[in-house]
Amino acid sequence: MIDNHTFKEKKAAFFTLGCKLNFSETSTVARSMIDEGFKKVSFNEFADIYVINTCSVTQIAEKKCRSVIQKAIRQNPNAFIVVTGCFAQLKPTEIALIEGVDLVLGSNEKFDLPTHLGSLQKNIETEVISGEIRQTNEFKPSYSIGDRTRCFLKVQDGCDYFCSYCTIPLARGKSRNGTINDTVLLAQKAATEGAKEIILTGVNIGDFGRSSNESFVDLLRALNNVDDIERYRISSIEPNLLTQEIIDFVATSDKFMPHFHIPLQSGSDNVLKLMKRRYNTQLFKSKIESVLKSIPNAFIGIDVITGVNGESEQDFMDTRNFLNQLPISQIHVFTYSERPNTEAITNEDKVTIEERKRRSAILHELSDKKTQQYYTRFFNTKAKALIESVNIDGFMHGFTENYLKIELPFNEILTNQIKEVELHGFNNDRSALKCSII
């Protein structure tokens, strides 16, 4: 253990790029630094050390990382700059060349950050500490608390799928997880710290149990029995791993919310084969139908990538038509970005950047239409919403059981409370439903 007098009252700021999993890990790293004597401050403030947890899913994420690094340096040119996460795991040497960066830590090494800080004096040469992630069997548990009303609980890491467009297995290694018992203990700890809603996160959470000889549905059953946690959400689950047993369990649970996020990636079977996905559109459609048969009001969000190498205009139209007839609630649209060391990058049948953007815009418009149709179904109904803390122009927001975003006048007393509300029409920008407390 480091003598925490070394870092007493030193200010540390954190910035997270990417997914909910990254948020859970940043929060865990921040707590470890507070334990060593640091004072956590906003990333917009002057700090002695800035920690940037990165993403590598798209080129935009990498560009954002560079921008955040420069922002930290402008705020304090003498600050100690640490870059970690997926981008740091994949391209440590490239990050080390960015002026002002002092320490680059790989995906696993981030959890030992306090032991790598030394005296916090800026390094003449950037230090890089990054192990071989692809061979690791070690699972590093984490959860977020305090950063947002909802708690992100990491239940799984890594992926064995190696889809042709994706670098995540290279950045996070093979699929692995903690035990059900250890995961339940973390949920109980989050409950004691005030969490009322937990979102289960991971790279491929439906694969939970591979390294502990357990199953994801058994994890759900165990978490369902944790006292004081009132709500759970499953962040994202592959369609081939979403079993009827899981659907039936969520349908009968009082704690697991009627909310699914299921990555599709393409509505063209040709493109799904190019992507090396483990299902086709027929299987995907059957999963949506199964969810809605058991849980008619469920919110269903999906992911789609447009413009991947090899996607023809007909493939795109097949995707659009497939999405149009699916009874889904929201589409998260990603514009394809070439990733080094992936199979897809070798496909010479490329879609122009302009065409990728055009296709993305079409699907964004379709998503808006789907979401507003879904919201409209619940005008003048009642629901229970978990109220969040942020004051935006005199309003605060929250989410109902089925993930409808609600808006009401700001009242700090309502923060982190689950309240029954009456849902009215859309707010001014149609991003949420106006509501009143019952």
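Within 6.0 Å of the CD atom in Glu45, the count of heavy atoms belonging to other residues, nucleotides or ligands exceeds 12. Within a 6.0 Å radius of CD in Glu94, more than 12 heavy atoms belonging to other residues, nucleotides or ligands are found. Within a 6.0 Å radius of CG in Asn341, other residues, nucleotides and ligands contribute 12 heavy atoms or fewer. Applying the 6.0 Å contact sphere to CG of Asp429 captures more than 12 heavy atoms from other residues, nucleotides or ligands. In the displayed structure, Glu99 atom CD is contacted under 6.0 Å by at most 12 heavy atoms of other residues, nucleotides or ligands. At most 12 non-hydrogen atoms from other residues, nucleotides or ligands lie less than 6.0 angstrom from CD of Gln282. Shown here is Lys419, whose NZ atom has no more than 12 heavy atoms of other residues, nucleotides or ligands within 6.0 Å. Within a 6.0 Å sphere centred on NZ of Lys255, heavy atoms belonging to other residues, nucleotides or ligands number more than 12.
Here the shortest heavy-atom pairing between Thr183 and Thr179 reads OG1-O, 2.8 Å. In plain terms, the two heavy atoms of Arg339 and Tyr165 that are nearest each other are CG-O, 3.8 Å. Here the closest non-hydrogen pair linking Asn347 and Asn309 is O-ND2, 3.4 Å. Summarising the geometry of Ser294 relative to Gln244, their closest heavy-atom pair is OG-NE2, 3.7 Å, with the distance given to 0.1 Å.
Gln75 and Tyr50 share a side-chain donor-acceptor pair at under 3.5 Å. Ser235 and Thr201 share no side-chain donor-acceptor pair at under 3.5 Å. Counted by atom type alone, His424 and Glu422 present zero donor-acceptor pairs between their side chains at under 3.5 Å. Judged purely by distance below 3.5 Å, without hydrogens or angles, the side chains of Lys71 and Asn44 pair a donor atom with an acceptor atom. There is no side-chain donor-acceptor pair under 3.5 Å between Asp160 and Ser175. Remark: the Arg356 side chain and the Ser360 side chain contain no N/O donor-acceptor pair separated by less than 3.5 Å. Between the side chains of Thr84 and Asn53, not a single donor N or O lies within less than 3.5 Å of an accepting N or O.
Annotation: cation-pi geometry satisfied between Lys154 and Phe139 (NZ/CZ under 6.0 angstrom from ring centroid, within 45° of ring axis).
Judged as a side-chain contact (heavy atoms from CB on, under 4.5 Å), and not counting sequence neighbours, the contacts of Pro327 are Ile288, Leu292. Residues passing the side-chain contact (heavy atoms from CB on, under 4.5 Å) test with Phe378 are Asn297, Tyr374, Thr381, Asn402, Leu404, Leu423, sequence neighbours excluded.
Ring pair His259/Phe299 is perpendicular by interplanar angle, where above 60° counts as perpendicular and below 30° as parallel. Note: Phe152 and Phe23 have tilted aromatic rings, judged against thresholds of 30 and 60 degrees for the angle between ring planes.
Listed by first and then second residue, the salt bridge (Lys or Arg N to Asp or Glu O under 4.0 Å) pairs that reach into residues 312-329 are Glu313-Arg358, Glu313-Arg359, sequence neighbours excluded.
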Stepwise side-chain contact (heavy atoms from CB on, under 4.5 Å) check, Ile205 with Asn177 = CA-CA 9 Å; Ile205 62 175; Asn177 55 269; over 6 Å; no
Are Glu25 and Asp157 close enough, and set up right, to give a side-chain contact (heavy atoms from CB on, under 4.5 Å), and what steps lead you there?
-> CA-CA 11 Å; Glu25 293 181 337; Asp157 202 351; 4.0 Å; yes
Stepwise side-chain contact (heavy atoms from CB on, under 4.5 Å) test for Glu230 and Leu386 | CA-CA 10 Å; Glu230 298 186 45; Leu386 175 62; over 6 Å; no
Could you go step by step and tell me if Asp112 and Ile129 meet the side-chain contact (heavy atoms from CB on, under 4.5 Å) rule?
-> CA-CA 11 Å; Asp112 299 317; Ile129 305 173; over 6 Å; no
Residue pair Arg233, Glu197: steps toward the salt bridge (charged side-chain N to carboxylate O under 4.0 Å, His left out) verdict = CA-CA 8 Å; Arg233 297 186 193 272; Glu197 178 174 304; 2.9 Å; yes
Under the side chain to side chain donor-acceptor pair (under 3.5 Å) criterion, do Lys174 and Asn137 qualify, and how do the steps go?
-> CA-CA 8 Å; Lys174 57 189 176 183; Asn137 291 310; 2.9 Å; yes
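At least one side-chain heavy atom of Arg31 sits under 4.5 Å from a side-chain heavy atom of Ile145. Looking only at side-chain heavy atoms (C-beta outward), Cys86 and Arg172 come within less than 4.5 Å of each other.
No side-chain donor-acceptor contact under 3.5 Å links Lys273 to the backbone of Asn270. In this structure a side-chain-to-backbone donor-acceptor pair under 3.5 Å is present from Ser164 to Leu274. Without hydrogens or angle criteria, Ser32 side chain to Val29 main chain gives a donor-acceptor distance under 3.5 Å. Between the side chain of Thr376 and the backbone N or O of Gln372 there is at least one donor-acceptor pair closer than 3.5 Å. Glu311 places no side-chain N or O within donor-acceptor distance of the main-chain N or O of Phe316, the cut-off being under 3.5 Å. Of the possible polar contacts, none joining the Asn416 side chain to the Ala195 backbone as a donor-acceptor pair under 3.5 Å is found.
Interatomic distance, Arg66 CZ to Lys63 NZ, rounded to the nearest 0.5 Å: 11.0 Å. Here CG of Leu408 is found 11.5 Å from CG of Asn427. Values are rounded to the nearest 0.5 Å. Taking CD of Glu401 as the start and CG of Asp254 as the end, the distance is 10.5 Å to the nearest 0.5 Å. Interatomic distance, Thr371 OG1 to Leu366 CG, rounded to the nearest 0.5 Å: 9.0 Å. Summarising the geometry, atom CG belonging to Leu105 is positioned 12.0 Å from atom CD1 belonging to Ile52; distances are rounded to the nearest 0.5 Å. Remark: Cys151 SG to Lys196 NZ distance equals 14.0 Å, nearest 0.5 Å.
Remark: of the listed residues Thr319, Asp303, Leu323, Leu323 is the sole one forming a side-chain contact (heavy atoms from CB on, under 4.5 Å) with Leu264.
Of the charged side-chain nitrogens involved, none lies within less than 4.0 Å of a carboxylate oxygen, so that Glu407 and Lys405 do not count as a salt-bridged pair. A salt bridge is defined here as a Lys NZ or Arg NE, NH1 or NH2 lying under 4.0 Å from an Asp or Glu carboxylate O, and Arg278 with Glu238 fails to meet this definition.
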